[in-house]
Every structure is written in C-alpha cells, then in structure tokens.
Amino acid sequence: MGQSLFWNRFCPIPGAATFGPSPGKGNLLISYNILYCINLLKSGGKKLLENYSAKEIEAKWQNTWEVEKVFQPEPDDRQKFFLTIPYPYLNGNLHAGHTRTFTIGDSVARFRRMQGYNVLFPMAFHATGTPIVGLSELIANRDPLIWGVYTKLHGIPEEELSGLNTPEKIVLYFRKQAKQAMQSIGYSIDWRREFTTTDPAYSKFIEWQYGILRRLDYVVKGSHPVRWCPHDRNPVEDHDILKGEDATIMDFALIKFRMEDKILPCATLRPETVFGVVNLWLNPDVNYVMAKVNNELWIVSREAYEKLTFTDRTVECISEVPGKELIGKSVTNPLTGAEVLVLPAGFVDPDNGSGIVMSVPAHAPYDYLALKDLYDKDLSMYGINADLRAIKFISLIESPGYGELPAVEAVDELKVKDQNDPKAEEATKMVYRREFHNGVLKANTGEYAGIAVSKIKDILLGDLIEKGMAEIFYEFSETPVICRCGTRCVIMMVRDQWFLEYSDMQWKANVLRCLAGMKIIPEEFRAEFENKIDWLKDKACARRKGLGTHLPWDKEWLIESLGDSTIYMAYYILAKYVNAGMKIDSLPPEFFEYIFMNNGSADSIAALTGISLQTVQQIHDDFAYWYPVDLRTSGKDLVANHLLFFLYHHVAVFPERLWPKAIAVNGFVSLEGQKMSKSKGPLLTLRQAVADNGADVTRLYILGNAEGTADVDWRNDGVESTHAHLERFYNFARDVLADGSIEQNAEKTLVDRWMLSRLQRRIQEATEAMENIQTRRALQSAFYLLFNDLRWYQRRGGKNQLRTVLSAWVRMMAPFTPHVCEEIWETGLGEGYVSLAQWPKADEALIDPKAEKAEELLERMQSDVQEIVSVTKAQPKKITLYAAPAWKKEMLGLAVQAASGGKLDMGALMKTAMAAPSITAHKKDAPKYAQKLAKAAHSLSAEALGLDEFETLTREREYLASAFGVPVEVFSADEPGADPKGKSKQAEPGRPAIYIE
RNA sequence: GCGGGGGUUGCCAAGUGGUUAAAGGCGCAGGGCUUAGGACCCUGUCACGAAGGUGUUCGCGGGUUCGACUCCCGUCCCCCGCACCA
C-alpha cells in the first residue's frame with residue numbers, strides 16, 4: 001500500500017505507477033530518470049526552472065551521477081580518504097535512524113572529495129545471523145503481529161510481503177529496497193563494491209579471518225550462561241521476553257558450608273562476609289531436597305535444585321528434607337572452620353539462590369533483625385536451648401561513618417522494626433552501598449586485610465573456588481522472567497561453546513593503544529570506549545542457527561554475525577573485482593594473505609587460484625592504497641559492541657599501520673518527540689521521508705537539527721520550514737543568476753568588502769565544523785547565518801559580489817544538498833559537477849575587520865534609534881548623530897593601556913589623562929568619563945577605536961536616512977553644530993549620541 | 001546499581017570565567033509588499049521603561065571570584081549502554 005502510494009507521488013508522469021517495482025527487473029528510479037532526461041534534452045537550455053522541484057532535480061542528478069560514474073574512485077596520486085559506515089541489517093526497510101548515520105557519512109564523503117581527497121565510500125548489506133531466518137518463518141506463517149509491522153510500518157504491499165517466505169527472498173528484497181532508498185537520497189556511494197554477507201566469496205574472507213584468530217589463540221572453547229526457555233528449549237532474546245526484560249544475569253557465590261558429609265551451599269553477592277558468619281538461615285516452612293551434585297551431597301531448596309539441573313553440573317535428587325529438620329543443627333564454615341548453628345527465618349526465599357542464607361548480623365540488617373527476633377522465642381521445638389544472645393557478631397569491614405556494627409547502626413538509624421518491615425530492604429541497600437564503595441577489610445580477614453570491598457569479590461571468589469569451598473551460581477537480578485510462550489525462564493549453561501577471548505589482557509592492551517592513536521568524535525566518547533574495553537568479557541562467537549559462515553575447523557558451528565562484521569571494510573577492495581566476474585572457485589587463505597598482508601607473491605597466488613596475475617596484483621595494490629579506514633561513522637548504539645569488535649579484530653589481524661584512524665558516533669532520530677521503534681512504531685522509512693519531502697530537504701533537516709550524540713527530533717513543522725529555506729536558497733540563486741546588472745569587477749564598496757569578509761568567516765567555520773563532523777554547526781554557518789548575511793548585504797544595497805558569494809555558497813552546500821547545488825552549478829557557475837568542485841578556501845586577505853565594525857556600527861545605530869522611538873513613542877522628523885569626540889577616544893586608549901593588568905586606578909588614569917592637552921581642555925567632563933571607564937576596567941576594549949565612526953556615519957548617511965525614513969545629520973561631538981539638547985556630550989567611542997526630533 | 005551523556009528564555013537549540021538578556025531556527029505578534037497571500041522583506045517576542053536604560057533569569061541549594069550559564073561541592077530529574085542480540 002505504502003509502496004504504490006509512494007510511486008504515485010514520485011512519478012508525475014501519468015501511468016508511471018502502473019509499471020510498479022518488479023523484482024529482478026531494472027531499477028524503476030532509473031527508468032523514470034531516463035524519461036525525465038529525454039524531456040530535459042528536448043527542452044534544452046541551462047536556465048533554472050522558475051519553481052523549485054525536488055523530484056525533477058533529484059532524479060536528474062542521481063541518474064547523471066550513476067551514468068557518468070562520478071563516484072567510482074580509482075587509486076591515483078592524490079591522498080586517499082576511506083570512509084565507511086556499518087552496513088544495514090536486511091530485516092526491514094531503512095528508516096530515519098539509518099538515514100541520519102548514512103547522511104552524515106555521505107556529507108563527509110562529499111566534503112572530503114571537494115577538499116581534494118580521493119574518497120572511497122562503499123556500502124554493503126548485512127544478512128548473517130538469526131533474525132532473517134526467524135522473520136521468514138513468521139511471514140510464511142502469516143504471523144499477525146509481523147504482518148502488521150511489515151505492511152504498516154515498513155510499508156510493504158501485502159502481495160510482496162507474502163512472497164518473502166524464505167531468508168533468501170527476504171535478503172534479495174530488502175537489499176534491493178535499501179539500495180534504491182540510498183540512491184533516492186543521493187548518496188555518493190561506489191556501488192561497484194556492494195555485497196551481502198552471505199556471498200560465497202565473503203564467506204571465504206571470513207574463514208581466512210577466523211583462521212588467523214584461531215592461530216592467535218583468540219578463539220577458545222568454554223561455557224557460558226544464557227537466559228533459557230525450558231519450553232522452547234532455546235535461548236531467549238530481549239524481544240522474546242514477556243516480563244522481566246530488564247533482568248540481568250548475576251553471579252552469586254555459593255559458599256559450601258558443611259554438615260557432616262553433606263553440603264549446605266549459601267548463595268551470596270558478598271562472599272567476603274563469609275568471615276563474619278555467625279549462623280545460617282533456613283526457612284522452616286520450606287521443603288528442601290538432598291541431591292547428588294557432581295560427587296557431593298547438597299541440601300538446597302526444591303526451586304534451587306530445579307535451577308541446578310540447567311547448569312553444567314550432574315544432579316540427581318535423592319530425597320526431600322523438610323526445613324524444620326535441619327534447624328538446630330550445626331555446620332562448619334569452610335573458610336574459617338567455625339561451627340555455627342542453623343536457625344529459622346521467614347525472610348528466606350526458596351526461590352532465590354539456594355534457599356539457604358548465611359547470617360552476618362554485623363553487616364547485614366536482615367540477619368541482625370532476624371536474630372533479634374529470635375532472642376526471646378522458644379526454640380526448643382528445634383532442639384535449641386542455648387541463649388542466642390550469646391552469639392557474638394563478627395565485624396570484618398571498616399568503613400568511614402560506621403562503627404563496629406554497621407547493620408545495627410543502619411537499623412537504628414532508619415528505625416526498622418523487624419525483618420518484615422519494608423525499611424529493612426532500604427537499610428540493606430544503604431549498608432551495602434556504603435561498604436562497597438568505601439569499605440576496607442579488617443585484620444580478621446587474614447591475607448585479605450586492607451583490600452577494598454569493591455575489589456575483593458573476584459579475588460576472594462577465585463580463591464574459594466580454587467580451594468573447593470565455593471562455586472558460582474547464576475540468578476536473575478529480578479524475577480520472574482517470562483518467555484513469550486508463557487514459560488518461566490531459567491539460566492542455562494551452554495557447554496563447549498566457541499568464544500572470542502576479548503578478556504585477553506594483551507589483546508585489550510593493544511586495542512587501548514589503537515584507541516589512544518585514534519580520533520574519537522565526539523571526544524567525550526573516548527572515556528566510554530575505554531570503559532567498555534575494560535568491561536568487555538569473552539564473547540560466544542558461534543551459533544547453531546541462522547545464516548552465515550561455518551567455523552572452518554568445526555563445521556557444526558556458524559560464526560556469530562557480529563563477529564563476521566569486524567574487518568569487512570577490507571573486503572570492499574575485493575568486492576569490486578568479485579562483482580566484475582573474478583573467478584572465485586578457489587579463494588584459499590593464501591589469497592587473502594597476499595592481498596591484505598603482503599605475504600607471498602602475485603605469481604603463486606594467480607597460479608593457486610586461477611585468477612589472472614594482473615587482477616591479483618591490482619587487488620593487492622588497491623588495498624595498499626586504500627587501507628586503513630580513515631573514518632568510521634556510526635550510531636551510538638554500536639559503541640559497546642560492533643565498534644569495539646571492529647577495533648579488536650583490526651588490532652588482532654592487521655599490523656599497526658593498518659589500524660583505523662577515526663570513529664565518529666552520532667545519536668538517534670525520534671519522531672515528533674517519540675522514540676522510533678522498528679517493531680512497535682512509530683517508524684519513518686528513508687523512502688517515505690524522501691518521497692514526502694525530497695532528498696535535499698530530508699538531508700538538510702537531518703543534518704541541520706542536531707549533531708554528535710544528541711538525537712534529532714523529526715518534526716513536521718520543522719521539516720516544512722527547512723523546505724521553505726531550501727526553496728528560498730533556490731530562488732535566491734535563480735535571481736542572482738538571472739541578474740544581468742551585476743558587475744563583478746566593479747570597485748568594492750564598504751558593504752561589498754563586508755560581505756566578502758563574512759563569507760570568509762563562514763567558510764572557516766563550516767570547514768572547521770565539517771572536519772570535526774559537526775554537520776549542524778557547519779550548516780548554521782554555511783547556510784542559515786550566511787543567508788542572514790546576504791539579507792543584510794542586499795538590504796544595504798550590495799549586489800556586485802552576489803555571484804561570487806553564490807559560487808562559494810553553492811559549493812559549501814553541495815555536501816548537504818547536492819542535487820539542488822548541481823542544478824544551480826550547472827547554470828553557469830562552474831565547470832563539471834559541483835560534487836567534484838573545490839570546497840571554498842577562506843582567503844585571510846579578504847577578512848576585513850574594519851568593514852565588519854562599520855556595519856556593526858550601522859546595525860547598532862538602527863537598533864538604538866528603534867529602541868528610543870519605541871520607548872518614547874515619538875514620530876521622528878529628523879535624526880542627528882554625534883560621533884565620539886577625540887578626547888574621549890584618547891582617554892579610552894589610555895584606560896585600556898592602564899587596565900591591561902586587570903585593575904584600573906582612577907586617580908592614576910586622571911593623572912595621565914591630564915597630561916594630554918586634548919583632554920585637559922575638557923577637565924570638567926573628564927572625571928565623569930574616567931570613572932565610568934574605571935568601573936568597567938575588567939571589560940575595557942580598544943575595539944571601538946579601530947574605526948573612524950564620524951567618517952563611516954557621514955558616508956552612510958543616506959542609507960541611514962532611508963532606513964529611518966527621515967533625514968539624518970551627522971556631526972562629530974568635537975563640532976556638534978546646533979545640538980539643542982546637548983546630546984553630543986553623551987557620545988562615546990562605539991556609541992555615537994543620538995538626537996531625535 | 002555501574003558507566004557515559006544531559007537539564008538554557010513558549011518549543012528546538014548554541015553558548016564553558018567578563019564583549020551574554022544570552023547565536024540560529026520554529027512558533028507568536030505588529031508593519032511593509034501585494035488584488036490577496038500559506039511567498040518575500042522589516043520589527044518585536046523575560047519584566048518594567050516618554051532617550052539608547054534598569055531589574056530578574058540559564059534544574060535546585062551552597063561555595064570560589066571584582067565578576068559564573070560557564071569553576072567547585074551537594075541535590076533532584078531525564079536519556080543511552082550493561083551483551084552473546086542485530
């Protein structure tokens with residue numbers, strides 16, 4: 001539905017919509033373009049159309065760029081610039097979020113190209129992984145939810161969607177859609193290099209890469225815990241979860257307390273407190289089970305037992321044990337050897353941990369409260385007759401603000417009544433937080449004494465595991481976690497899994513070194529990268545299901561899809577030749593070794609692969625020219641995953657000189673303030689945005705409304721206003737180009753010099769901004785502010801520099817709105833394509849501070865007069881202006897000199913001033929002005945002295961008169977003429993006096 | 001909870017020690033142009049003001065400084081990531 005609507009809108013030609021998109025046939029856009037161009041040729045002529053028409057202009061230039069191969073670079077003697085953007089995943093249409101990242105990349109590519117770099121900007125498509133497979137099944141089953149999402153949000157006609165019932169068809173379909181979308185917005189991509197990650201040659205490339213990683217011992221086997229649905233017998237991903245989406249997997253320590261030949265494991269997040277255990281807690285109303293776990297006898301709650309069956313332990317239930325029977329028995333602390341009692345507590349949740357809890361009343365409020373509750377209870381039913389008050393608390397953490405027993409203090413402080421009081425939870429968190437951040441272990445922890453609590457967990461747990469005193473037990477941070485099928489999820493230990501060993505210290509160190517040598521934009525994200533590298537753990541890198549490449553040495557596994565997308569930028573070099581028909585029957589690792597690593601010789605590789613010697617050599621040379629990646633731009637969501645892996649794998653595979661040079665990160669796009677969602681909406685597709693607004697407007701809006709990690713909010717009123725601005729730009733260009741009265745070589749007036757001066761500044765600002773990938777800042781200068789400058793220029797009667805400014809302006813806008821700029825450029829501004837024209841260079845010699853100051857003065861005069869008129873509600877008949885007298889200028893000069901230290905001594909200033917004859921002559925008025933200057937000592941500036949204000953005002957008298965609509969007279973306050981109200985005395989440098997009558 | 005980013009005048013958003021009542025855009029108001037105008041141009045848009053001024057502002061509370069939106073401390077709120085998923 002959305003699709004046909006789109007084409008109707010896009011094609012002004014009657015009947016065009018009827019030849020709708022047909023898979024496998026030529027690209028509709030192009031067919032349309034050809035028709036258009038034929039029409040254009042008939043009409044001939046190079047004159048801008050009277051009215052701006054995005055559709056016609058954009059189709060024309062997109063077609064021209066493609067036919068004329070404008071963006072197909074080859075190595076030459078220029079400096080290269082290799083820019084890449086993460087390829088999109090083909091499970092839907094490109095949306096506004098993609099549009100932002102890609103358009104930023106395209107504008108940078110265009111900018112660098114115009115700066116004279118040989119720019120390589122390729123694009124490909126990501127298809128490996130599981131979602132596309134899942135999607136094909138859902139489409140084949142006509143899943144109503146998916147059906148709605150893809151017809152409504154993604155705008156796919158039902159008849160087309162129903163055909164997408166295999167992963168292959170989905171890949172083909174979305175690949176074509178995505179490419180058309182990217183062409184419709186005018187990206188300067190070298191399409192000769194496109195590929196899909198399921199291509200056979202790409203698989204060979206991935207195999208080569210994983211061979212290297214394996215050789216380096218970066219791929220290892222291990223186990224890891226996943227969220228698991230016992231019903232579906234599958235790991236669950238976020239979108240499979242009905243409830244508990246935010247739950248994370250926490251690793252508890254399971255401390256093995258001994259009771260004769262049995263083990264009572266206690267789950268805890270604070271293993272260090274094992275030193276302070278004075279009893280265990282068990283829930284008397286809960287049924288426990290005795291189970292054989294590996295070769296030990298464990299007693300745990302029934303729920304914990306069930307969880308254990310999903311771990312990598314061999315478990316066997318032996319018998320049930322009521323909680324009551326265990327209470328009153330004594331157990332041995334494995335670490336300290338202390339004998340402690342098992343006591344009853346209602347707060348013990350059988351569904352959390354093992355259902356057995358160790359009690360550390362000195363540091364855990366719940367333990368303290370539960371113990372206190374038992375003090376006066378009769379426990380003889382459990383065979384406990386001892387006085388529990390005799391149990392001595394063991395304090396083992398020293399933290400500022402707390403004494404011996406933090407739990408007791410916290411309970412008192414918050415006035416917690418008992419273990420059922422909700423405030424008990426609060427007290428627990430408070431103690432935990434303070435002790436974790438500021439606590440240090442005391443002497444009674446032996447070899448661990450003096451270590452910070454925040455550092456101890458991993459060390460101690462490691463030691464305990466080694467000694468057989470503890471194990472790790474995984475538990476969700478919040479429960480329950482429910483699968484979409486309604487089943488409660490568990491944590492499953494997947495065994496014999498292949499891992500990328502991202503935790504390897506040496507590897508990490510190299511990545512950090514790579515990062516240190518890179519440019520990160522925005523720079524604030526460097527810390528984020530460093531933290532994430534630090535945090536990164538081993539990552540499972542193979543799966544059983546999905547699309548992708550098999551592990552070369554273990555064909556049962558498919559390489560996980562993020563892991564196959566790390567160094568593929570190198571493959572772009574090769575893809576061009578593959579697409580051109582290169583023989584790919586045999587692409588052994590030696591082939592890649594030669595072209596990427598320069599190992600071996602072209603001769604032997606040609607012989608080995610059957611590829612021509614010349615091609616082998618050429619690919620090798622291409623790679624040597626284009627690599628490394630100069631810039632990778634991406635959305636901020638990829639920081640903690642793809643961008644990290646991108647660095648890791650480059651560092652592992654390539655020598656240092658081929659490591660990436662820069663990463664730029666950008667934020668997302670929201671719609672009318674709402675977060676976009678591919679599955680729930682709202683969603684704006686790239687094609688819809690372009691169909692509704694045109695490519696240039698879409699680009700301008702998305703680049704101009706935010707930059708860096710801030711989100712762009714796509715708002716209709718804003719887009720409309722952007723459209724109006726662009727139209728004004730077009731109309732302005734049309735008028736300038738049609739204006740035969742412009743004399744470019746006429747002598748430059750003040751305002752001409754001002755205009756050129758402003759232009760140089762705008763060029764400087766925009767250039768600097770683009771070099772830092774600040775598209776918004778660049779557009780503020782290059783578009784909006786320059787626009788305002790031009791308005792002032794024209795208002796001041798400027799005209800002869802309009803063509804010069806327009807030429808620079810169009811070139812500055814070309815990276816952002818390339819179509820309309822080509823159109824304008826073609827009309828006689830310059831040769832060839834503006835896309836390949838030279839980015840304007842600021843000419844320092846044209847920066848004219850005097851002219852700028854003069855115009856500032858005029859602006860100031862206008863706004864001051866305006867203010868006076870509005871305040872006095874007067875109807876002016878005549879305006880007289882008085883420029884500052886010479887003596888005040890002199891005094892200001894002296895004051896500025898004297899104030900250079902920051903302080904201005906009024907007395908000293910007067911003294912020096914009185915030495916100057918011109919000032920002496922005004923000794924009545926001088927002190928008053930001196931005082932004013934002294935008051936402003938910290939912000940004095942000699943700027944106002946750089947301009948002869950009297951001369952300027954006199955020269956521009958006519959302009960001011962016409963601006964005010966009344967006659968204007970100009971005097972110097974030195975010779976004020978009639979001056980009926982004595983206003984001339986108010987004149988100061990930078991602020992001529994005004995008299996309105 | 002941990003890590004990163006952020007709270008600016010009706011809205012979006014610049015601004016990192018003085019030139020800032022604070023760029024630019026949107027919206028709104030007035031005027032001009034015009035047959036008309038959603039097109040374009042000008043002006044205003046924190047408050048008060050019969051002379052270009054004054055007062056009060058940049059999440060909240062303190063502090064440093066001659067001077068803070070800008071630096072420091074505390075506090076509240078918002079957004080993003082925390083994975084085996086692209």
Side-chain angles (χ1 to χ4, degrees), chain A residues 86 88-91 126 128-132 224-227 235-240 246 248-249 429 432-433 436 477 494 497 499-500 522 524-525 527-532 534-543 546 560-563 565 636-642 644 667-668 673 675 678 704-713 715 717-718 720-722 724-725 727-728 731 776-777 779-781 783-785 787-788 791 794-795 860-874 902-903 936-941 943 963 981 983 986 990-996:
Chain A
Y89 187 69
L90 294 176
N91 67 340
H126 195 200
T128 42
T130 50
I132 287 175
H224 82 291
V226 295
R227 287 184 301 211
V236 284
E237 294 157 17
D238 272 354
H239 60 263
D240 290 331
D246 294 332
T248 56
I249 295 176
K429 281 188 177 152
Y432 179 83
R433 192 164 28 207
F436 181 83
S477 60
V494 177
Q497 170 71 279
F499 279 89
L500 280 162
E524 301 92 85
F525 257 64
E528 174 84 348
F529 273 103
E530 285 167 354
N531 292 340
K532 296 297 185 205
D534 189 45
W535 151 92
L536 197 64
K537 302 187 190 94
D538 294 351
K539 183 175 189 305
C541 66
R543 305 212 72 188
E560 190 275 326
S561 70
L562 287 180
S565 305
K636 62 184 172 187
D637 50 330
L638 300 188
V639 169
N641 43 69
H642 164 72
L644 244 38
F668 307 135
K675 214 168 127 173
K678 272 191 278 186
N705 271 276
E707 71 195 2
T709 51
D711 291 354
V712 167
D713 190 17
R715 297 201 317 208
D717 59 351
E720 273 167 30
S721 130
T722 301
H725 267 283
E727 209 167 309
R728 250 179 280 170
N731 292 341
R776 180 187 156 84
R777 197 158 79 85
L779 278 167
Q780 283 291 322
S781 290
F783 191 53
Y784 296 99
L785 295 178
F787 219 135
N788 290 350
R791 242 181 261 164
Q794 289 188 300
R795 188 176 157 194
R860 170 109 209 247
M861 292 325 297
Q862 287 187 63
S863 77
D864 280 356
V865 166
Q866 191 77 42
E867 189 174 347
I868 295 168
V869 168
S870 81
V871 169
T872 60
K873 301 187 176 70
K903 289 257 182 213
H938 291 281
S939 50
L940 281 183
S941 151
E943 234 176 75
K981 289 258 163 86
K983 289 283 179 195
Q986 290 180 8
R991 189 176 173 278
I994 299 167
Y995 175 54
I996 299 179

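Letters A, B, ... are given to chains in the order of the sequence lines, protein chains preceding strands, and every chain is numbered from 1. Everything numeric in this text was worked out from a predicted model, so none of it was measured.
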Colleague: Taking atom C1' in both B:G62 and B:C2, compute the distance separating them and give it to the nearest angstrom.
Modeller: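 Going atom to atom, C1' in each nucleotide, I get 28 Å.
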Colleague: Checking all strands, does A:H642 fall into the base, sugar-phosphate, or nothing category for heavy-atom contacts under 4.0 angstrom?
Modeller: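 The residue A:H642 makes no contact with any strand.
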Colleague: Using atom C1' of each nucleotide, how far apart are B:G17 and B:C58 to the nearest Å?
Modeller: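 15 Å, rounded to whole Å.
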Colleague: Quick check: does any side chain N or O of A:D711 sit under 3.5 Å from a backbone N or O of A:G667, one acting as donor and the other as acceptor?
Modeller: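 No, the answer is negative, given that no donor and acceptor are paired below the 3.5 Å cut-off.
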Colleague: On RNA chain B, check which nucleotide each of A:L536 and A:L638 is closest to and give me the residue with the more 5' one.
Modeller: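 Taking each residue's closest nucleotide, the earlier one in sequence belongs to A:L536.
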Colleague: Can you name the salt bridge (charged side-chain N to carboxylate O under 4.0 Å, His left out) partners of A:K983, sequence neighbours left out?
Modeller: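 With sequence neighbours excluded, A:K983 shows a salt bridge (charged side-chain N to carboxylate O under 4.0 Å, His left out) to no residue whatsoever.
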Colleague: Can you tell me which nucleotide in B:C80, B:A23, B:C84 comes closest to the side chain of A:H224?
Modeller: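 That would be B:C84.
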Colleague: Return the nucleotide paired to B:U34: Watson-Crick means purine N1 to pyrimidine N3 with N6-O4 or O6-N4, wobble means G-U with N1-O2 and O6-N3, both under 3.5 Å.
Modeller: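 Partner of B:U34: none.
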Colleague: Quote, to the nearest angstrom, the C1' distance that separates B:G44 from B:U34.
Modeller: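 These two C1' atoms come out 23 Å apart once rounded.
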Colleague: Both distances below 3.5 Å, Watson-Crick or wobble geometry, any strand: find the nucleotide opposite B:C60.
Modeller: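 Matched B:C60 with B:G74 under the 3.5 Å cut-off.
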Colleague: Would you sort out whether A:R791 and A:R728 count as a side-chain contact (heavy atoms from CB on, under 4.5 Å), showing the intermediate values?
Modeller: CA-CA 11 Å; A:R791 242 181 261 164; A:R728 250 179 280 170; 3.5 Å; yes
Colleague: Can you identify which nucleotide, out of B:C26, B:G5, B:C85, has its nearest atom closest to the A:T709 side chain?
Modeller: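 Nearest to the side-chain atoms of A:T709, counting from C-beta on, is B:G5.
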Colleague: Mind checking the C1' distance from B:U70 to B:G7? Whole angstroms is fine.
Modeller: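 After rounding to an integer number of Å, I get 15 Å for this pair.
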Colleague: For A:F525, enumerate each residue passing the ring-ring contact (aromatic ring centres under 6.0 Å, His included) test, keeping only those at least two apart in sequence or located in another chain.
Modeller: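 Testing A:F525 for ring-ring contact (aromatic ring centres under 6.0 Å, His included), a comparison that skips the adjacent residues, returns none.
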Colleague: Summarise protein proximity over nucleotides 45-59 of chain B in one line of letters, 5' to 3': B for base, S for sugar-phosphate only, - for none, counting protein heavy atoms closer than 4.0 Å.
Modeller: ----BSBBB------
Colleague: Sequence neighbours left out, what passes ring-ring contact (aromatic ring centres under 6.0 Å, His included) with A:F668? Give chain and number order.
Modeller: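 For A:F668, no residue satisfies ring-ring contact (aromatic ring centres under 6.0 Å, His included) once neighbours in sequence are set aside.
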Colleague: With both distances under 3.5 Å as the test, what is the Watson-Crick or G-U wobble partner of B:G27?
Modeller: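 Matched B:G27 with B:U45 under the 3.5 Å cut-off.
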Colleague: Mind checking side chain to side chain contact (heavy atoms under 4.5 Å, CB included) for A:T128 and listing every partner two or more places apart, or none if nothing turns up?
Modeller: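 Result, side chain to side chain contact (heavy atoms under 4.5 Å, CB included) vs A:T128: A:H126, A:T197, A:T198, A:S561, A:D564.
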Colleague: Can you tell me how far C1' of B:G3 sits from CD of A:E528, to the nearest Å?
Modeller: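 Checked: the CD to C1' distance equals 6 Å.
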Colleague: Looking at A:E560 and A:K539, is any side-chain nitrogen of the basic one under 4.0 Å from a carboxylate oxygen of the acidic one?
Modeller: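 So A:K539 pairs with A:E560 through a salt bridge.
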Colleague: Specify the separation, in whole Å, of atom CD of A:Q862 and atom P of B:G44.
Modeller: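 Atom-to-atom, A:Q862 to B:G44, this comes out as 10 Å.
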Colleague: Distance check, C1' atoms only: B:C41 and B:C48, in whole angstrom units.
Modeller: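 Roughly 31 Å separates the two C1' atoms.
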Colleague: Compare side-chain N and O positions of A:K532 against OP1 and OP2 of B:A83 and report whether any pair is under 4.0 Å apart.
Modeller: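 Looking at the OP1 and OP2 atoms of B:A83, neither is under 4.0 Å from any side-chain N or O of A:K532.
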Colleague: What is the minimum heavy-atom distance between A:A706 and A:V712, and which atoms define it?
Modeller: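 For A:A706 versus A:V712, the nearest heavy atoms are CB-CG2, 3.5 Å.
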Colleague: Could you check how far CG of A:D637 sits from C1' of B:G4, rounded to whole Å?
Modeller: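 To the nearest whole Å, that distance equals 14 Å.
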Colleague: Please find the pair of heavy atoms, one from A:G546 and one from A:T130, that lie closest to each other, and give the distance.
Modeller: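 Taking A:G546 first and A:T130 second, the nearest heavy atoms are CA-CG2, 4.0 Å.
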Colleague: With sequence neighbours excluded, tell me which residues meet ring-ring contact (aromatic ring centres under 6.0 Å, His included) with A:Y784.
Modeller: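 Counting only residues at least two positions away or on another chain, A:Y784 forms a ring-ring contact (aromatic ring centres under 6.0 Å, His included) with A:H725.
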Colleague: Does A:D538 have any salt bridge (charged side-chain N to carboxylate O under 4.0 Å, His left out) partners at least two apart in sequence or in another chain, and if so, which?
Modeller: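 By the salt bridge (charged side-chain N to carboxylate O under 4.0 Å, His left out) rule, A:D538 matches no residue at all.
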Colleague: In whole angstrom, give the distance that lies between atom CG of A:D534 and atom C1' of B:G4.
Modeller: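 So the two atoms are 14 Å apart, to the nearest Å.
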Colleague: To the nearest angstrom, how far is A:F499 atom CZ from B:A83 atom C1'?
Modeller: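 After rounding, the reported distance stands at 12 Å.
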Colleague: If you compare every side-chain N and O of A:S721 against the phosphate oxygens of B:G25 (OP1, OP2), does one of them come in below 4.0 Å?
Modeller: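 Result: no.
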Colleague: Distances for protein N/O vs nucleotides 39-42 of chain B N/O pairs under 3.5 angstrom?
Modeller:
from, atom 1, to, atom 2, distance (Å)
B:C40, OP1, A:R728, NE, 2.7
B:C41, OP1, A:R791, NE, 3.2
B:C42, O3', A:R795, NH1, 3.4

Colleague: Using heavy-atom distances to pick each residue's nearest nucleotide on RNA chain B, tell me which of A:L90 and A:N531 is more 5'.
Modeller: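 Mapping each residue to its closest nucleotide by heavy atoms, the 5'-most match is A:N531.
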Colleague: NZ of A:K537 versus C1' of B:C2: gap in Å, rounded?
Modeller: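 Computing the A:K537:NZ to B:C2:C1' distance gives 11 Å.
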Colleague: Taking any heavy-atom pair under 4.0 Å as a contact, classify A:K675: base, sugar-phosphate, or nothing.
Modeller: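 Sugar-phosphate: the residue A:K675, judged by heavy atoms under 4.0 Å, touches backbone atoms but no base.
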Colleague: Of the non-hydrogen atoms in A:P131 and A:Y89, which two are nearest, and what is the gap between them?
Modeller: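 Looks like CD-OH, 3.2 Å.
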Colleague: Select base, sugar-phosphate, or nothing to describe what A:K636 touches, counting heavy atoms under 4.0 Å on all strands.
Modeller: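 The residue A:K636 makes no contact with any strand.
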Colleague: With sequence neighbours excluded, tell me which residues meet side chain to side chain contact (heavy atoms under 4.5 Å, CB included) with A:R860.
Modeller: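 With neighbours one apart ignored, the set is A:D864, A:R991.
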Colleague: Any base atoms under 4.0 Å from A:A640, or only sugar-phosphate, or nothing? Heavy atoms, all strands.
Modeller: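 If one applies the 4.0 Å heavy-atom cut-off, A:A640 turns out to touch the sugar-phosphate alone, with no base involved.
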Colleague: Counting Watson-Crick and G-U wobble pairs only, both distances under 3.5 Å, name the nucleotide matched with B:C82, or none.
Modeller: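 B:G1 is the nucleotide pairing with B:C82.
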Colleague: In whole angstrom, give me the gap between the C1' atoms of B:G27 and B:G10.
Modeller: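 Here B:G27 and B:G10 have their C1' atoms 8 Å from each other.
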Colleague: Out of B:A86, B:G4, B:C84, which has the shortest distance to the side chain of A:A540?
Modeller: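 For A:A540, the side-chain atoms sit closest to B:C84.
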Colleague: Give the rounded distance in Å between these two atoms: CZ of A:F525 and P of B:G6.
Modeller: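 So the CZ-P distance, A:F525 to B:G6, works out to 10 Å.
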Colleague: Checking A:Y432 now: which residues fulfil side chain to side chain contact (heavy atoms under 4.5 Å, CB included) with it, not counting sequence neighbours?
Modeller: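 Partners of A:Y432 by the side chain to side chain contact (heavy atoms under 4.5 Å, CB included) criterion, ordered by chain and then number, come out as A:R270, A:F436.
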Colleague: Between B:A47 and B:U56, how far apart are the two P atoms, rounded to whole Å?
Modeller: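 Going atom to atom, P in each nucleotide, I get 16 Å.
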Colleague: Indicate, with a heavy-atom threshold strictly under 4.0 Å, whether A:E560 touches base, sugar-phosphate, or nothing.
Modeller: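 Result for A:E560 = sugar-phosphate.
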Colleague: A:Q866 has an atom CD; how far is it from atom C1' of B:G30, in whole Å?
Modeller: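 From A:Q866 CD to B:G30 C1': 12 Å.
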Colleague: Would you indicate which nucleotide in B:G3, B:C26, B:C84 comes nearest to any side-chain atom of A:R227?
Modeller: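 Minimum distance to the A:R227 side chain belongs to B:C84.
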Colleague: Only counting residues at least two apart or in another chain, list the ones meeting side chain to side chain contact (heavy atoms under 4.5 Å, CB included) with A:Q866.
Modeller: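 Side chain to side chain contact (heavy atoms under 4.5 Å, CB included) check on A:Q866 returns nothing, list empty.
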Colleague: Work out how far the P atom of B:A51 is from that of B:C60, and round it to whole angstrom.
Modeller: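 Approximately 34 Å lies between the P atom of B:A51 and that of B:C60.
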Colleague: What does A:L562 touch in the nucleic acid at a heavy-atom separation under 4.0 angstrom: a base, only the sugar-phosphate, or nothing?
Modeller: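 Here A:L562 touches the bases of the nucleic acid.
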Colleague: Measure from the side chain of A:N641, starting at C-beta and using heavy atoms only, and say which of B:G25, B:A23, B:A86 lies closest.
Modeller: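 Of B:G25, B:A23, B:A86, B:A86 is nearest to the side chain of A:N641.
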Colleague: Generate the contact string for nucleotides 7-17 of chain B. Rules: B means base contact, S means sugar-phosphate contact only, - means no protein heavy atom under 4.0 Å.
Modeller: ----SSS----
